Amino acid sequence: RGEQSRQKIVAALTGFIREGVVSPTADQVAERAQVGLRSVFRHFQDMERLYREIALEVDALTQPYLQRRLKATDWDERVLEMARIRCELFERLMPFQVATQVHRHESPFLRDAQRQAARLQRELLAHLLPRTLGKDAAWLDGLDLLMGINAWLSLRLDQALAPPQAQRAMLAAVEAMLAVKRF
C-alpha cells in the first residue's frame, strides 16, 4: 500500500508538471493522488527524493530518442537529423525543463542532472563531427547552444512559436552554422 501511495504521488506531481504547473502545493498533490497530506510528507521528506523519482520518468521519456539510429551518412546531414530528433524530444521535455529551471537553485540534484544532460548532448554532437571541426571549440560551443533545450525553450516560450515554426527556426540556425564548415 505504501508503494502504491508513493507511485500515486509521483504520478500526480508529474501530471501537474506536464500541465505546466511547476510548483503545485502539497495539498494539490495529495488531492490529485487521493492520499492524505501526511502521506505526501511521509514518502518525500525532502524534495531531492521527489526530484529523483521524477528524473526516472524523464529518463524513460528520453531513452527512445537516445537509442534512435541516425539514417544520414554525411556528417552535416547527421547533425541536422539529430537537430530534428532533439526538437521532438525537447517538445516532450519542455514542461519538465521549465520545472527544473524553477527549482534548480534549491536542488543540488537538479543542478547536477542538468550539467550531465548538457555534457551528454555535447558529446553526442561532437561524436558526429569530423575531428577537425570538433577541435574548433568556439564553433562547437555555438552549434551546441543552437541545438540545446534552452534554445528550444526560447523559441517556444519567449518567441511564442508553434512547434513546427520553432523547428524550422532551429534547423535554419543549425544549417547556417554547418554551411560555414562544409568542405
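Since the structure is predicted, the reported quantities are computational estimates derived from the model, not experimental observations. Below, all heavy atoms of this structure are taken into account, side chains as well, without hydrogens, waters or symmetry copies.
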Next on the checklist: Is there a path of hydrophobic side-chain contacts, each under 4.5 Å between heavy atoms, that joins L61 and I85?
Outcome noted: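 In one cluster: yes.
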
Rounded to the nearest 0.5 Å, what's the gap from [atom1] on [X] to [atom2] on [Y]? Could you check?
{"X": "W139", "Y": "L133", "atom1": "CH2", "atom2": "CG", "value": "5.0 Å"}
{"X": "L145", "Y": "N150", "atom1": "CG", "atom2": "CG", "value": "8.0 Å"}
{"X": "Q63", "Y": "L89", "atom1": "CD", "atom2": "CG", "value": "10.5 Å"}
{"X": "E123", "Y": "Q121", "atom1": "CD", "atom2": "CD", "value": "11.0 Å"}
{"X": "R84", "Y": "L70", "atom1": "CZ", "atom2": "CG", "value": "10.5 Å"}
{"X": "M177", "Y": "M147", "atom1": "CE", "atom2": "CE", "value": "10.5 Å"}

Can you see which heavy atom on [X] is nearest to which on [Y], and at what distance?
{"X": "P163", "Y": "W152", "value": "O-CH2, 3.6 Å"}
{"X": "F90", "Y": "G148", "value": "CE1-C, 3.4 Å"}
{"X": "S39", "Y": "I9", "value": "O-CD1, 3.8 Å"}
{"X": "W75", "Y": "K181", "value": "CZ2-O, 4.0 Å"}
{"X": "V10", "Y": "L50", "value": "CG2-CD1, 4.2 Å"}
{"X": "L171", "Y": "A83", "value": "CD2-CB, 3.6 Å"}

So does [Y] get a backbone contact from the side chain of [X], meaning a donor-acceptor N/O pair under 3.5 Å?
{"X": "R111", "Y": "R104", "answer": "yes"}
{"X": "D74", "Y": "E77", "answer": "no"}
{"X": "T62", "Y": "V58", "answer": "yes"}

Next on the checklist: If you apply the rule side chain to side chain donor-acceptor pair (under 3.5 Å), what do you find for Q159 with Q165, and how did you get there?
Outcome noted: CA-CA 10 Å; Q159 296 183 38; Q165 287 78 28; over 6 Å; no

Item to check | Residue pair V174, L178: steps toward the side chain to side chain contact (heavy atoms under 4.5 Å, CB included) verdict | outcome: CA-CA 6 Å; V174 170; L178 296 177; 4.0 Å; yes

Considering only NZ, NE, NH1 and NH2 on the basic side and carboxylate oxygens on the acidic side, decide whether [X] and [Y] come within less than 4.0 Å.
{"X": "R156", "Y": "E91", "answer": "yes"}
{"X": "E81", "Y": "R68", "answer": "no"}
{"X": "K8", "Y": "E3", "answer": "no"}
{"X": "E19", "Y": "R32", "answer": "yes"}
{"X": "D141", "Y": "R122", "answer": "yes"}

Checklist entry - So among V102, L153, L157, which one has a side chain to side chain contact (heavy atoms under 4.5 Å, CB included) with Q97? => result L153

Is there side-chain contact between [X] and [Y], with at least one heavy-atom pair below 4.5 Å?
{"X": "V35", "Y": "V29", "answer": "no"}
{"X": "F16", "Y": "V22", "answer": "no"}
{"X": "M82", "Y": "L128", "answer": "yes"}

Next on the checklist: Quick one, V40 with D27, criterion side chain to side chain contact (heavy atoms under 4.5 Å, CB included). Give me CA distance, side-chain angles, the key distance, then yes/no.
Outcome noted: CA-CA 9 Å; V40 173; D27 285 327; over 6 Å; no

Item to check | Over-ring placement of R86 relative to Y65, 6.0 Å and 45° cut-offs | outcome: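 Not flagged: R86 not positioned over aromatic ring of Y65.
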
Checklist entry - Does a sphere of radius 6.0 Å around CD in E175 hold more than 12 heavy atoms from other residues, nucleotides or ligands, not counting ones at 6.0 Å or beyond? => result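 Enclosed: over 12 neighbouring heavy atoms sit under 6.0 Å from CD of E175.
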
Next on the checklist: Is a donor from one side chain sitting under 3.5 angstrom from an acceptor on the other, for S107 and E48?
Outcome noted: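 Result is yes, a qualifying pair exists.
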
Checklist entry - Using a distance-only test with no angle check, is there a side-chain donor-acceptor pair under 3.5 angstrom linking Q116 and D112? => result yes

Next on the checklist: Going by the rule side-chain contact (heavy atoms from CB on, under 4.5 Å), which residues pair with P95 if we only count those two or more places apart in sequence or in a different chain?
Outcome noted: I17

Item to check | Contacts of Y51 that satisfy ring pair (Phe, Tyr, Trp, His ring centres under 6.0 Å) - sequence neighbours left out | outcome: H103

Checklist entry - Please walk me through it: do V79 and L143 pass side chain to side chain contact (heavy atoms under 4.5 Å, CB included)? => result CA-CA 10 Å; V79 170; L143 185 60; 4.2 Å; yes

Item to check | Check against side chain to side chain contact (heavy atoms under 4.5 Å, CB included), L124 and L120 | outcome: CA-CA 6 Å; L124 291 172; L120 175 62; 4.0 Å; yes

